[in-house]
A.B. asks: 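This is the structure, below, for whatever I ask next.
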Amino acid sequence: MERIVVLAGGIGGARFLRGLKAAVPDADVTVVGNTGDDIHLFGLKVCPDLDTVMYTLGGGINEEQGWGRADESFTVKEELAAYGVGPEWFGLGDRDFATHIVRTQMMSAGYPLSAVTEALCARWQPGVRLLPMTDDRVETHVLIDTAELDESPGNGAGGGSGHGPGGGPGGDRRKAVHFQEYWVRLRASVEAHAVVPVGAESAKPAPGVLDAIADADVILFPPSNPVVSVGTILAVPGIREAIADAGVPVVGLSPIVGDAPVHGMADKVLSAIGVESTAAAVAQHYGSGLLDGWLVDTVDAGSAQAVEDAGIRCRAVPLMMNGTEATAQMAREALALAEEVGA
Ligand code: GDP
Ligand code: CA
């Protein structure tokens with residue numbers, strides 16, 4: 001199992017990758033990162049999931065928070081707020097700002113995101129090849145009720161900038177908001193009626209993505225959000241097909257443990273796409289056309305049979321990423337299951 005491709009979101013993907021690197025330090029790991037969470041703030045391009053992977057593997061992450069820089073300060077943010085310039089709901093620290101300035105500067109000079117990501121990684125040395133899923137603009141939007149938007153907390157200056165259809169004065173009942181607005185500002189506290197990766201249908205996989213998948217010995221889905229992380233990556237035309245056609249084991253780890261997301265609000269976006277928040281339902285959602293193996297947590301051992309019945313080999317092992325050794329063991333289990341289904 002030399003060449004490993006991992007489709008990753010932010011925190012769940014990054015923490016798993018750290019365990020994978022500990023388990024197989026010499027493996028050649030290519031990460032296809034979600035860019036549907038990307039957002040322009042203060043004129044800067046921010047790529048939260050790519051940065052979470054880069055900072056986590058590069059040793060610069062805020063460990064407790066799971067995102068953003070360690071040892072961070074917020075002077076720039078405070079100064080912007082003093083000018084009345086928001087949004088205030090998105091936490092950008094001073095150190096983090098530098099990353100977004102460099103990225104935006106390079107992109108303004110004409111470099112694609114994939115080249116910019118490579119340049120940023122030259123500093124962080126994450127020990128993996130980090131590729132954005134696409135160099136094209138894809139933005140995940142969430143459809144919510146406008147009434148909930150108006151009543152929601154933090155709906156002040158700088159916030160409430162919805163996109164897409166609806167939202168006119170006294171007009172449509174529903175409105176599409178940027179994923180970050182739904183997740184960070186509204187804290188996923190309102191119902192999501194739909195999740196749409198806007199622009200995905202015409203996006204092309206970034207250079208290197210399809211080749212890495214075609215050349216992989218194994219493909220892993222870490223316990224990342226199945227809708228707004230892995231789902232968004234799979235929405236880029238060509239990626240899902242390349243995985244299915246690669247002819248190598250594809251193994252995933254459940255982000256749902258005991259019928260709830262371990263962290264975050266994956267249940268809200270799963271319900272928007274009509275999928276139950278259970279480890280088995282997520283496996284069935286990916287389907288046997290994509291997945292060969294699926295790991296559920298030991299507390300969900302009872303659901304393993306339902307996964308097997310869907311044509312996906314299933315094992316129940318501890319899936320809580322409490323520290324690097326526990327996470328490395330999860331990675332070993334995933335690779336062992338890959339060996340098993342590949343045999
Ligand atoms: P995000 O982009 O930062 O939201 O991160 P990801 O999409 O990569 O991962 C988010 C998912 O990770 C959530 O749905 C969580 O349920 C899952 N997750 C976080 N910590 C753990 C853990 O310790 N074990 C498992 N199995 N899943 C986890
Ligand atoms: Ca994310």
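Along the sequence shown, residues are numbered consecutively beginning with 1. Order of appearance sets the numbers: ligands from 1, and atoms from 1 within every ligand.
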A.B. asks: Any atoms of ligand 1 less than 4.0 Å from a non-hydrogen atom of Ala266? List them with their elements.
C.D. replies: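 Ligand 1 atoms under the 4.0 Å threshold to Ala266: 14 (O).
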A.B. asks: Give, rounded to 10 degrees, the angle between OD2 (Asp49) and OD2 (Asp37) as seen from the Ca ion (ligand 2).
C.D. replies: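 About 90° at the Ca ion (ligand 2).
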A.B. asks: Applying side chain to side chain donor-acceptor pair (under 3.5 Å) between Asp49 and each of Asn225, Thr232, Asn34, Thr35, report the one that passes.
C.D. replies: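 Passing option: Asn34.
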A.B. asks: Which ligand 1 atoms are under 4.0 Å away from a heavy-atom of Asn225?
C.D. replies: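 Taking each heavy atom of Asn225 in turn, ligand 1 has 6 (P), 7 (O), 9 (O), 10 (C), 11 (C) under 4.0 Å.
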A.B. asks: Does Arg185 make a cation-pi contact with Phe90, if we ask for NZ or CZ under 6.0 Å from the ring centre and within 45° of the axis?
C.D. replies: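 No, Arg185 does not sit over the ring of Phe90.
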A.B. asks: Between Ile256 and ligand 1, is there a nitrogen or oxygen pair with a distance under 3.5 Å?
C.D. replies: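 No.
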A.B. asks: Provide the number and element of each atom of ligand 1 under 4.0 Å from a heavy atom of Ser224.
C.D. replies: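 Atoms satisfying the 4.0 Å criterion: 6 (P), 7 (O), 8 (O), 9 (O).
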A.B. asks: Checking Asp145 side chain against Arg174 main chain: does a donor-acceptor pair fall under 3.5 Å?
C.D. replies: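 No, Asp145 side chain to Arg174 backbone: no donor-acceptor pair under 3.5 Å.
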A.B. asks: Would you check the N or O atoms of Pro261, main chain and side chain alike, for any that come under 3.5 Å of an N or O of ligand 1?
C.D. replies: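 No.
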A.B. asks: Would you check whether Met321 has a nitrogen or oxygen atom less than 3.5 angstrom from a nitrogen or oxygen atom of ligand 1?
C.D. replies: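 The answer is yes, given that Met321 and ligand 1 share an N or O pair closer than 3.5 Å.
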A.B. asks: Considering only heavy atoms, which of Gly264, Pro223, Ser254 lies nearest to atom 11 (C) of ligand 1?
C.D. replies: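 Considering heavy atoms of Gly264, Pro223, Ser254, the nearest to atom 11 (C) of ligand 1 sits in Pro223.
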A.B. asks: Show which atoms of ligand 1 fall inside a sub-4.0 Å distance from at least one heavy-atom site of Asp49.
C.D. replies: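 By the 4.0 Å cutoff, the relevant atoms are 2 (O).
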A.B. asks: Go through ligand 1 atom by atom and flag the ones less than 4.0 Å from a non-hydrogen atom of Leu319.
C.D. replies: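 Taking each heavy atom of Leu319 in turn, ligand 1 has 22 (C), 23 (O), 24 (N), 25 (C), 26 (N) under 4.0 Å.
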A.B. asks: Does at least one non-hydrogen atom of Ala8 fall below 4.0 angstrom from an atom of ligand 1?
C.D. replies: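 Checking ligand 1 against Ala8, which is what was asked, there is no heavy-atom contact under 4.0 Å.
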A.B. asks: Does even one non-hydrogen atom of Leu253 get within less than 4.0 Å of ligand 1?
C.D. replies: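 No; Leu253 lies far enough from ligand 1 that no heavy-atom distance drops under 4.0 Å.
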A.B. asks: Counting heavy atoms only, which part of Ile11 comes closer than 4.0 Å to ligand 1: side chain, backbone, both or neither?
C.D. replies: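 Under 4.0 Å from ligand 1, Ile11 contributes backbone and side-chain atoms.
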A.B. asks: Below 4.0 angstrom from a heavy atom of Gly13, which ligand 1 atoms are there? Numbered from 1 as shown, please.
C.D. replies: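 Counting from 1, the qualifying ligand atoms are 8 (O).
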A.B. asks: Test Arg315 against every option in Thr298, Leu337, Val296 by the side chain to side chain contact (heavy atoms under 4.5 Å, CB included) rule and name the one that passes.
C.D. replies: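 Checked Thr298, Leu337, Val296 against Arg315; only one passes side chain to side chain contact (heavy atoms under 4.5 Å, CB included): Leu337.
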A.B. asks: Looking at ligand 1, would Val257 count as a contact under a 4.0 Å heavy-atom criterion?
C.D. replies: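 Judged by the 4.0 Å heavy-atom criterion, Val257 does count as contacting ligand 1.
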